[in-house]
Asker: 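Structure below; questions to follow.
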Amino acid sequence: MSGESVIEFTGFIKACRLFRENRLAEAEAVCTNLLRKNPLDQATWALKMQCLSDSTYVDELENEDMGLAETFLDQNVIAPNARPGTSFARPKTSAKGVNPILRPTTNAGRPLSGVVRPQSSFKSGSMDQAVRTARTAKTARAVSSTSARNMRLGTASMAAGADGEFVNLARLNIDKYAADPQVNRQLFEYVFYYLNDIRVAHQIAGTASKAAGFEDYYWKNQLAKCYLRLGMLQDATKQLQSSLEQKKLIETFALLSKAYNRVDQPMAALKTYSAGLEVFPENVTMLTGMARVQEALGEYDESVKLYKRVLDAESNNIEAIACVATTYYYGGKPELAMRYYRRILQMGVSSPELFLNIGLCCMAAQQFDFALSSILRAQSTMTDDVAADVWYNIGQILVDIGDLVSAARSFRIALSHDPDHSESLVNLGILKHREGKIDEARSLYSSATSKNPYMFEGNYNLGLVSFTQGKYHECRELIEKALAAFPEHEHCKKILNHLKPLYESI
Amino acid sequence: MDGDRTPEEQIEIAESDQGPQLDDNVELANVFSYSLDQRIMEGCVISAILEPRGLETIVAVSVTNKIIIKDKETSLNITETIRCIAAAPFGDGYDCIIIGTDSSVICYDVHNNLTVFRNDVPDGVSCFVYGKLGELDEAIYCGGNCCIWGFDKTGANTYWTVTGDQVTTMCLSDYDNDGETELVIGSPDFEIRVFKNDLMRTELMETDEITCLAHVANGCFAYSLNNGTIGTYVLKERQWRIKSKSNVSKIFNFEEEGLMVVVWKQGKVDLRFAHNGEVLSRDSVSSHVASASVSKKGDESFITVVCLDGKVKGFKIQRAQNGSIDKTQQLIREFGQKKHNLMMELSNYEQEEQLADVEKDRDFRIPVDTEVAVVFVVNTELQLLSLRVEASHNIPIRGVLIFAEGLFEGESYIWIPPNEYQSRSVIDIPLVIDKDSTNDLHTKVFLGQVDSNKLMVMENTRILPKFCRFTLLREEYSKFFYMPTAYIQFDINSRAAKLSEWVQESFTIDASLVEMFDEPEGEFKFMGLRPKHEKSLMFKISHSEKTCKIYHDKIETMGAIVQSYASFYQIQNMESVAHFPDVFKEADEILEEIDPMTEVRDRLTAELQERQAAVKEIIIRAEDSIAIDNIPDARKFYIRLKANDAAARQAAQLRWNNQERCVKSLRRLNKIIENCSRLRVGEPGRQIVVSCRSAIADDNKQIITKILQYGASV
């Protein structure tokens, strides 16, 4: 019948429904219209702030970027040279650890992991060296410090508003609204996530915590987030410990461990994670955090055990599957690794890195038909940021099947994509060396070591060339660097023993 | 090395009984030396076992505020200024390092690279002691400014009490030999205080700032002062005391009972008997000592002395090689000295007999029955207390020498007439006393005729009462009485029925007037003497109501009066109602401003942190520009860095000022609580501290003034 009425929502209830359906932009527009009519509507004001902050929400647990300023200029670490095994800066380097030949290292001197994580670690070196190191868009590290990144995010968000700034913080009565339990949470999240003004957010959280009689675990957690952003790690630790005494949350345990990791106290972080596991048995956040810490400490066996517990609790955790697969692959069990990678493929992830990994596993497991098709698939879907790695691995496979000319061509293509790819430089140098072009090989080795000073292969090969050419002083320096990366390498020890009498007789 | 005493030392032994005679054939022997290669901060050296089944090693603090661990190439970075460190066995079979800074206590596990706990202590920590106190569990006790904190191995605050001044040194010792340890603390206000659990049991008055306390044996502890005095207390009494010109750095008891090791700041190391202070052996190091510690390697104990320049020297105790010979020579020297004194005395007597009678008359002899009277005299008009020295037979007084520790600047006072012909037989020496304390005046009076070149020495000892700055007021001088506005009121204990006994002992009062204090009702007014010449004191006693009211405006003096009254009559438990409007108003003001001050501190800290982050970021950007040879941008960034650095320094200064005000308020509040606690005796005084602590922790600040006024049991 044409006379039937159609139900339409209007006003605040419409904004609420849009917000619930996660249509944040439309909800915000409705709130803007409502506020234009009645600027004193606090409910609409709070809802609009919630819309704005939800659109720029960042998971604080994973927001772990540490720029150069945080790394080199902070003084939160008590013991910079702690006992090996109790500090991130000095992981275990015994024979029980991984072999750098079997498991490659990154440019920072760390063994490869199954996934890329926001936080990067520096093995050694000074600020000057870190500044001089070339940084490109591919570097997983903020340019200078995380505060700059946060500022840029905030600025970009504010520019989107057509009528300029929504809340004028300079004129806002912070003490009044921060003590109001109806709007203080929205105000805090707006200031913290949207405006990125950590100092005002800290003031709001402090006032709200006091208004709640210091009994609200929520505000203690928010205060801790502010302190973590400001770099005040002791205060953050205090707030989180107080929050844990009131109510045990997964987020609180994770944030407390994050604070301990920032001051380079992994044993304290592990203790906190263990306490969290007692309250939340088999929780994935706790287990993943523990696994990451153990991996950073060099305890790879412990890390794999923890990742397996993660898989018992959550079978589709991609980080756990990838890390376990990586360990199996570099541990000499490519068939098992292949199964894990195929499980990731079944879950719908389709990336060139994944296909390349499957191809390498098939190659190692002598399944050449699958290897070829997987690598072709990776090559056809690769993007610029992984092109160098794809071509490097193709070259490696060609070396394995004996096609050295094609392998050399592949390494050159890899270098054309990424001139800093040190592994390709070393392999190309080795091929030149076999052809008898010693000077070209030497030049390639030198490039590799300058790009990646902690690389074992570059230092070792260059040392070998120096040894055969009679440049013993240079050879000694290079072999010592190689031994620093791989203390158990037998060939390096032999060469050093050959050189020792020359120095002792002087 | 021998057992000779240096000429600068004087020995004063309180008791003549000898302790157990130990084998005196032991000496110090140098066993090792090395260098830490850093300048060491004074007083910050400990010995600790830092890993399971590890050896004891030296931990020290360098003047650059880093913690140095011997045998490790590392040092610990602490961002706050370190004041003291200690070792506590909080790990599983090894020690953690306890670090006291300007504002916190940090317990750090070196083995696991772990901060076990970190607690805020508002006014910083000056000293540590670890152990078991009475019935409480083992804890680390931190001496702060006007308060003492105790933390257990999890960082929980298990102990808190207030004290009258900053705590500069502490030790745990069984003071009364009852099988339980007490906390003994030393302060810059010349007092040693003994805490049994959290009840202050005893106050011992010394003559200078306490610098070191050490447990020696059950019922015995050793102390040292800033003027070089060392000594021991045994079962609540001072046993012996030795004065020296140099200062003590550290005192230990050694593994054998009855021996103690004294390490002096200028490098001497003494091994002494604990029962009489006699030196057994002596050694030295070449430069000024930062601190020292005792460590064990297997079954042997070593004394490790660390100098300010980082050099370390180790000693151990072994059997002596030349002890007997040295003892014999010392004995021969003593006999020679005695012989010389006797010969001199004999020759004087021989000269006396040879003098003719005429010569005797010209010698201005002093009659043999001459007496010297030394009494206290109050000059009421000037409100001044004087010591009157009067010689009989009109013999002129040519000089007066008074020894009284702590009363004068230095330790003695010399009076000499302006010139010989103005000598007289009656002199008054004014006494202006700063502290309420009992003191012995040892007086030597030199008598002689004006033209005589020989003087007669008369000695006298007079006890100065504790409250000699007050004297009973006569009716004709009522203009000097200023009615106090503050008072306390308590019930009269049955043991304290005769007030006159205490008044006679503690006040400067004529003996003939003391009987009036035993009347059933009465008001007794006292006039203040310099430097308290505008403070008055009044007792109002009513035996029918069994109450006593004491009026006085200074709460510190009132506390001393109450404690003296209670200890004289051996009262163990006494309540009182206090009325000090000025003090309570001050406490209220402090409590009201603490919360806003804390909020402002948080805000200033966040602002400072933001500015520092900006400074760090600009440094990175500037270095980036230099690395890529972009000099104009680098110049721009460094100019911006200068402005941001100035802003950061300004924010830091603001924060420091606010923190200083906050700490000063807390210090004053602690002192007020301690003074109000001393207006009560025994358990009621302890309850006040406990209740105030609970009220502050529960943010129940309104009842603190009521607690201070009426006590905690209502």
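Chain letters run A, B, ... following the sequence lines, proteins first and then strands; every chain starts at 1.
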Asker: What pairs with B:S625 under side chain to side chain donor-acceptor pair (under 3.5 Å), at least two apart in sequence or on another chain?
Answerer: none
Asker: If I measure from the heavy atoms of chain A, does B:L76 come under 4.5 Å with its side chain, its backbone, both, or neither?
Answerer: both
Asker: Distance-only criterion, 3.5 Å: show the donor-acceptor pairs between side-chain atoms of residues 265-277 of chain A and protein atoms not counting sequence neighbours.
Answerer:
from	atom 1	to	atom 2	distance (Å)
A:Q265	OE1	B:T115	N	2.8
A:Q265	OE1	B:T115	OG1	3.4
A:Q265	NE2	B:T115	OG1	2.7
A:T272	OG1	A:A268	O	2.9
A:S274	OG	A:L270	O	3.0

Asker: Where on B:N119 is there a heavy atom nearer than 4.5 Å to chain A: the side chain, the backbone, both, or neither?
Answerer: neither
Asker: Can you confirm whether more than 12 heavy atoms, excluding those of B:R640, are under 6.0 Å from its CZ atom?
Answerer: no
Asker: How would you list, by chain and number, every residue that makes a salt bridge (Lys or Arg N to Asp or Glu O under 4.0 Å) with B:D629, sequence neighbours excluded?
Answerer: none
Asker: Taking only heavy atoms into account, what residues of residues 630-639 of chain B are found under 4.5 Å from chain A?
Answerer: none
Asker: Considering all heavy atoms of both residues, which atom of B:N113 and which atom of A:D264 are nearest to each other, and what is their separation?
Answerer: ND2-O, 2.7 Å
Asker: Evaluate the side-chain proximity of A:H202 to B:D602: yes if any heavy-atom separation is below 4.5 Å, no if none is.
Answerer: yes
Asker: Which residue out of B:T605, B:V110, B:V116, B:I78 racks up the most heavy-atom pairs below 4.5 Å with chain A?
Answerer: B:T605
Asker: Check this for me: A:Q246, atom CD, are more than 12 non-hydrogen atoms of other residues, nucleotides or ligands nearer than 6.0 Å?
Answerer: yes
Asker: Using a 6.0 Å cut-off, check whether atom CZ of B:R118 has over 12 heavy atoms from anything other than its own residue.
Answerer: yes
Asker: Considering only heavy atoms from C-beta outward, does the side chain of A:K238 approach that of B:D120 to under 4.5 Å?
Answerer: yes
